[in-house]
J.: 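I'd like to ask some things about the structure below.
Numbering starts at 1 and runs along the sequence shown.
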Amino acid sequence: MSIEERLQELGIVLPKANPPAAVYCPGVQTGKLVFTAGQTPKIDGKLQYIGKLGQDLAVEAGQAAARLCILSCLAILKDAAGSLDQVERIVKLTGFVNAAPTFTQHSQVIDGASRLLYDIFGGAGSHARSAVGCASLPGNACCEIEMVAALK
């Protein structure tokens, strides 16, 4: 089954890649690696999850936000590769969580993205990962994710 067919089976429609919000490239390919810029949880360019985890938002909302972030990363990856069927594996995610000072469930938030990648790519979707808490993110987004993928 192709990745495009798997997306259809899961009922997932990739968004259009978000345009850069400043002076940077949404994605860069070097050799067989594609690096995405950090993506916040947007639909049609509008932030969907705003605020701090552990203060304004619960872990479940953070997981839904992380899922939106990774869908935007996948849109960038598809643009770079021409097709998600060209992906050999997801190599690395770095997730940033806008967190209240006492919040400690950063990994559970970014699991929203990690689970989706595994659902889409199977074993090729398993990856190395960092989940980091921070004091703020652009637009007060609750999370931001960047991804590295290897192409065939």
J.: Nearest 0.5 Å, please: how far is OG in S114 from CD in Q108?
T.: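 The distance works out to 11.5 Å.
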J.: Considering residues at least two apart in sequence or located in another chain, which fulfil the salt bridge (charged side-chain N to carboxylate O under 4.0 Å, His left out) criterion with R67?
T.: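 In terms of salt bridge (charged side-chain N to carboxylate O under 4.0 Å, His left out), with neighbours along the sequence ignored, R67 is linked to no residue.
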J.: For residues 132-151, which residue pairs qualify under side chain to side chain donor-acceptor pair (under 3.5 Å), counting only residues two or more places apart or in two chains?
T.: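 Qualifying pairs: N98-N140.
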J.: So V91 and H127, side-chain contact (heavy atoms from CB on, under 4.5 Å) or not? Walk me through it.
T.: CA-CA 5 Å; V91 177; H127 49 271; over 6 Å; no
J.: Looking at Y118, I want to see if its OH is surrounded by more than 12 non-hydrogen atoms of other residues, nucleotides or ligands under 6.0 Å.
T.: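 Count not over threshold, so no.
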J.: Below 4.5 Å, heavy atoms only, C-beta onward: do C69 and C143 meet side chain to side chain?
T.: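 Heavy-atom side-chain distance check passes, below 4.5 Å.
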J.: Measuring only between side-chain heavy atoms, which start at C-beta, is L74 closer than 4.5 Å to L117?
T.: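 Of all side-chain heavy-atom pairs linking L117 with L74, at least one is under 4.5 Å.
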J.: Do the side chain of R6 and the main chain of D119 share a donor and acceptor less than 3.5 angstrom apart?
T.: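 Looks like yes, one N/O pair under 3.5 Å.
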J.: Establish whether L116 and F96 are linked, either directly or via other cluster members, by ILVMFWY side-chain heavy-atom contacts under 4.5 Å.
T.: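 No: no chain of side-chain contacts under 4.5 Å links L116 to F96.
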J.: Among L84, L7, D85, which residue satisfies the side-chain contact (heavy atoms from CB on, under 4.5 Å) criterion with K78?
T.: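 When L84, L7, D85 are each tested with K78, the side-chain contact (heavy atoms from CB on, under 4.5 Å) holds only for L84.
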J.: Mind listing the closest non-hydrogen atom pair of V87 and K152 along with its distance?
T.: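 Here V87 and K152 meet closest at O-CE, 3.6 Å.
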J.: Do I12 and L68 share a hydrophobic cluster, counting only Ile, Leu, Val, Met, Phe, Trp and Tyr and linking them when any side-chain heavy atoms are less than 4.5 Å apart?
T.: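 In one cluster with I12: L68, yes.
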J.: Which pair of non-hydrogen atoms, one from K42 and one from Q48, has the smallest distance, and what is that distance?
T.: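 Looking at all heavy atoms of both residues, the closest pair is C-CG, 4.2 Å.
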J.: Distance from R89 atom CZ to K32 atom NZ, nearest 0.5 Å?
T.: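 Going from the CZ atom of R89 to the NZ atom of K32 covers 14.5 Å.
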J.: Check whether any side-chain heavy atom of P15 sits under 4.5 Å from a side-chain heavy atom of I43, and report yes or no.
T.: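 When only atoms from C-beta onward are counted, I43 and P15 do not touch, as no gap falls below 4.5 Å.
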J.: Closest approach of A149 and I90, non-hydrogen atoms and distance?
T.: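 That would be CB-CD1, 4.1 Å.
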J.: So which heavy atom on L47 is nearest to which on P138, and how close?
T.: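 Minimum heavy-atom separation between L47 and P138: CD1-O, 4.1 Å.
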J.: Indicate yes or no: at least one non-hydrogen side-chain atom of V148 is less than 4.5 angstrom from one of V34.
T.: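 No; the side chains remain at least 4.5 Å from each other.
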J.: Report the C-alpha distance between I70 and L93 in whole Å, list the side-chain angles of each, state the deciding distance to 0.1 Å, and finish with yes or no for side-chain contact (heavy atoms from CB on, under 4.5 Å).
T.: CA-CA 9 Å; I70 209 63; L93 294 188; 3.6 Å; yes
J.: Run the side chain to side chain donor-acceptor pair (under 3.5 Å) test on R129 and T94 for me, step by step, so that the C-alpha distance in whole Å, both residues' side-chain angles and the decisive distance to 0.1 Å come before the verdict.
T.: CA-CA 6 Å; R129 187 182 85 183; T94 304; over 6 Å; no
J.: Between E88 and Q86 (side chain of the first, backbone of the second, donor and acceptor by atom type, cut-off under 3.5 Å), is there such a pair?
T.: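 A pair under 3.5 Å: no.
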J.: Spell out, yes or no, whether F121 and I76 are grouped together once hydrophobic residues are joined by side-chain heavy atoms under 4.5 Å, including indirect joins.
T.: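 No, F121 does not connect to I76 through the hydrophobic network.
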J.: Do I145 and I110 touch side chain to side chain, with heavy atoms closer than 4.5 Å?
T.: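 Contact flag for I145/I110 side chains = yes.
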J.: Count the heavy atoms of every other residue, nucleotide or ligand shown that sit under 6.0 Å from NZ of K52, and state whether that count exceeds 12.
T.: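 For K52, atom NZ is crowded (more than 12 foreign heavy atoms under 6.0 Å).
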J.: Report yes or no: do L137 and V109 belong to one cluster of Ile/Leu/Val/Met/Phe/Trp/Tyr joined by side chain heavy-atom distances under 4.5 Å?
T.: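 As far as the 4.5 Å side-chain criterion goes, V109 and L137 are not connected within one cluster.
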J.: Are the side chain of K16 and the backbone of A75 linked by a donor-acceptor contact shorter than 3.5 Å?
T.: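 The answer is no, because no donor-acceptor pair under 3.5 Å joins these two groups.
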J.: Side-chain contact test, heavy atoms from C-beta onward, threshold under 4.5 Å: evaluate it for T40 versus Y49 and give yes or no.
T.: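 No, their side chains stay 4.5 Å or more apart.
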J.: If two hydrophobic side chains count as joined below 4.5 Å and joins carry through other members, does L77 share a cluster with I3?
T.: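 Linked, L77 and I3 end up in one cluster.
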J.: To check you understand the geometry: which heavy-atom pair defines the closest contact between L151 and A81, and what is its length?
T.: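 In terms of heavy atoms, the two residues are closest at CD2-CB, 3.7 Å.
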J.: Judged by atom type as modelled, is there a donor-acceptor pair below 3.5 Å linking the side chain of E4 to the main-chain atoms of S83?
T.: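 Side chain of E4 to backbone of S83, a donor-acceptor pair under 3.5 Å: no, none is there.
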J.: Can you tell if the side chain of L71 reaches within under 4.5 Å of the side chain of V13, non-hydrogen atoms only?
T.: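 No, every pair of side-chain atoms sits at 4.5 Å or beyond.
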J.: Under 4.5 Å between side-chain heavy atoms, chaining through other members, with only Ile, Leu, Val, Met, Phe, Trp and Tyr counted: pull out the rest of the cluster around M1, sorted by chain and number.
T.: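 Answer for M1: none, a lone residue.
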J.: Is there a side-chain contact between Q39 and N18 in this structure, where contact means two heavy atoms from C-beta onward sitting under 4.5 Å apart?
T.: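 In contact.
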J.: Nearest heavy-atom pair of I120 and L10: which atoms, and what distance?
T.: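 That closest heavy-atom pairing would be CG1-CD1, 3.9 Å.
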